[in-house]
Amino acid sequence: MIKIMKYGEVTNSEIFARAEQLVDVAAIVSEIISNVRANGDQAIREYAKKFDGAELEEIEVSREEIDEALAAVEPEFIEVLKKAAANIRAFHEKQLREGFRIEKDGIVLGQKITPVDRAGLYVPGGTAAYPSTVLMDSIPAVIAGCRDVVIVTPPGPDGKINPVILAAASIAGVTRIFKTGGAQAIAALAYGTESIPKVDKIVGPGNAFVAEAKKQVFGAVSIDMIAGPSEILVASDGNSNPAYVAADMLSQAEHDKMASAVLVTDSMKLAVAVQAELERQLPLLEREEIARASIDNNGKIIVADSLEAVIEISNEIAPEHLELCVDNPFDYLDSIRHAGSVFLGRNCPEALGDYFAGPNHTLPTSGAAKFSNPLSVDDFIKKTQFTYYTKEALAEVAEDIAYFAGKEGLTGHARSALIRMEEN
């Protein structure tokens, strides 16, 4: 059963504790990366057989397989995917940036925006298929203007990718899809194999092996973030329906045994009611065992003295998903400093963000919302500065440049400015 804690009566270390990955996977991941770098496609096929039970002939998904998937998926679901894609596209198109120029007296300064050439997107597989992640990760890359948008995702034992993944990829505009998952997929994207192209940036969530692999290849390639287990924090006054709150907490708990579901409220009555609702609703879930482990081991209900304290606790936790279940939630929005994505009011379940509303669902976890951002078009662009001075404009500042360079003991810097002022 989930724990109820009274803020101020238990230690802050208990209040703000997070689930920790107990298994050190760094050495295993390092070995996998080295194998893929050395042996390319051969290693990918070996790991597909070992981890997925799949004998792969072709590592890349063919056009025929994509067409078969589109034919196999229910037309109704295709329509839902298209609606979700339209919402995601509309939201992320607002994130497009433009460069700028500043021109004055023989000087031109500016910044230009260029998409990365090739984006690599990791889509989890295994216990569940996530077409939502395909849409969320690939649509911003397409909007940014990446030349190639590449997906890696684990195959099933039959060597095929779940049809809903392929359908979502087709709708989103993905360029190429490869049948590999885990740390080996990240290594393939980072360094390339005979079949899988090296990319410039890797994005997307995954398990501990994927997260560790992204950490180890960073520098050879850019990454979005190191994602941890899923999180939800419901910040509520005493007027919320406890059944709704419990359902929303379970929507994240069912992701993973390491997931974290937290309620912070100023109402002990609501806390007790939600505790009971969680016990009532858990047996209704197909993934009850996973959700039960999450709720019992990593879930918590924190009771504070005021709504202001509730919000401060939330800011300190900096959750991936924050539901602000209060009257007039926009009155409190500016008080929320740290959260990946905020869901306002009592009729905005976090599942809206997972699938349909439009804002991205690839979000910072483990408190990283204090310094990180949701996945966006910005993840797939680069900013390049440029500078132009006429000789006359340089003459106005050459002595200043030389003086500054002299203070740093860099006479070569100084000379490079002053030499242009000498008479030829």
Side-chain angles (χ1 to χ4, degrees), residues 2 4-9 12 15-16 84 87-88 90-92 94-95 136 230-253 260-278 281 299-365 367-376:
I2 198 168
I4 297 178
M5 306 175 178
K6 187 72 170 69
Y7 186 62
E9 295 180 5
N12 278 359
I15 293 290
F16 299 117
N87 290 343
I88 296 165
F91 181 85
H92 288 81
K94 296 292 185 182
Q95 297 173 341
M136 292 288 180
S230 298
E231 304 170 342
I232 186 171
L233 187 150
V234 180
S236 179
D237 59 23
N239 298 323
S240 290
N241 185 322
Y244 296 178
V245 173
D248 292 355
M249 294 171 72
L250 291 174
S251 73
Q252 289 304 293
S260 171
V262 176
L263 166 64
V264 188
T265 180
D266 60 354
S267 168
M268 180 61 76
K269 181 179 178 182
L270 179 68
V272 172
V274 169
Q275 184 184 55
E277 269 295 325
L278 288 168
Q281 292 186 33
K300 63 186 77 170
I301 298 175
I302 302 166
V303 181
D305 291 331
S306 66
L307 196 54
E308 289 71 26
V310 166
I311 290 173
E312 282 310 303
I313 293 167
S314 172
N315 280 326
E316 181 60 30
I317 292 174
E320 177 187 17
H321 307 99
L322 169 62
E323 288 190 8
L324 189 55
C325 299
V326 297
D327 294 324
N328 305 313
F330 286 97
D331 291 348
Y332 300 91
L333 183 56
D334 286 347
S335 299
I336 303 299
R337 302 192 307 279
H338 308 305
S341 194
V342 184
F343 301 83
L344 299 166
R346 305 187 206 277
N347 298 298
C348 195
E350 182 277 329
L352 264 172
D354 275 348
Y355 300 114
F356 210 76
N360 210 283
H361 81 193
T362 298
L363 302 167
T365 61
K370 287 188 175 181
F371 52 82
S372 287
N373 306 300
L375 190 74
S376 72

Below 3.5 Å, can you tabulate the donor-acceptor pairs from side chains in residues 261-271 to any protein atom, sequence neighbours excluded?
from, atom 1, to, atom 2, distance (Å)
Thr265, OG1, Ser236, O, 2.9
Thr265, OG1, Ser267, N, 3.1
Ser267, OG, Lys269, N, 3.4
Ser267, OG, Leu270, N, 3.0

Compare every heavy atom of Ala318 with every heavy atom of Lys370, then report the nearest pair and how far apart it is.
-> CG-CB, 3.6 Å

Measure the spacing between CD of Glu308 and CD of Glu312 and express it to the nearest 0.5 Å.
-> 9.5 Å

Residue list, side chain to side chain donor-acceptor pair (under 3.5 Å) with Glu320, at least two apart or on another chain | none

Between atom CD of Glu323 and atom OG of Ser314, what is the distance when rounded to the nearest 0.5 Å?
-> 11.5 Å

With Lys6, which residues qualify under side chain to side chain donor-acceptor pair (under 3.5 Å), at least two apart?
-> Asp305

Would you call Asn241 and Glu277 a side-chain contact if the rule is heavy atoms closer than 4.5 Å?
-> no

Taking the side chain as every heavy atom from C-beta outward, state whether Arg346 and Tyr244 have any pair of such atoms under 4.5 Å apart.
-> no

Closest heavy-atom pair and its distance - Val245, Ser240 = CG2-CB, 3.9 Å

How far does NE2 of His361 sit from CG of Leu352, to the nearest 0.5 angstrom?
-> 14.0 Å

Between Val342 and Leu344, the two heavy atoms sitting closest are CG1-CD2, 3.7 Å

For residues Ala235 and Val310, report the shortest heavy-atom separation together with the two atoms involved.
-> CB-CG1, 3.7 Å

Could you grab the distance from atom CD1 of Ile2 to atom CD1 of Ile301, nearest 0.5 Å is fine?
-> 4.5 Å

Search all heavy atoms of Pro329 against all heavy atoms of Leu324 and return the closest pair with its distance.
-> O-CD2, 3.7 Å

Would you find more than 12 non-hydrogen atoms of other residues, nucleotides or ligands less than 6.0 Å from Asp331 atom CG?
-> yes

side-chain contact (heavy atoms from CB on, under 4.5 Å) between Arg337 and Glu316, intermediate numbers included = CA-CA 9 Å; Arg337 302 192 307 279; Glu316 181 60 30; over 6 Å; no

Heavy-atom closest pair, residues Ile88 and Tyr355 = CD1-O, 4.5 Å

Check side-chain contact (heavy atoms from CB on, under 4.5 Å) between Asn360 and all other residues, then give those that pass, not counting sequence neighbours.
-> His92, Met136, Asp137, Pro140, Thr362, Leu375

Is the CZ atom of Phe356 crowded by more than 12 outside heavy atoms at less than 6.0 Å?
-> yes

dist Asn373:CG -> Ser341:OG (nearest 0.5 Å) comes out at 12.0 Å

side-chain contact (heavy atoms from CB on, under 4.5 Å) with Ser335: which residues, sequence neighbours excluded?
-> Ile311

Check side-chain contact (heavy atoms from CB on, under 4.5 Å) between Pro359 and all other residues, then give those that pass, not counting sequence neighbours.
-> Phe91, Ala357

Flag, side chain of His321 to backbone of Ile232, donor-acceptor distance under 3.5 Å | no

If you round to the nearest 0.5 Å, how far is CG of Asp248 from CD of Glu350?
-> 8.0 Å

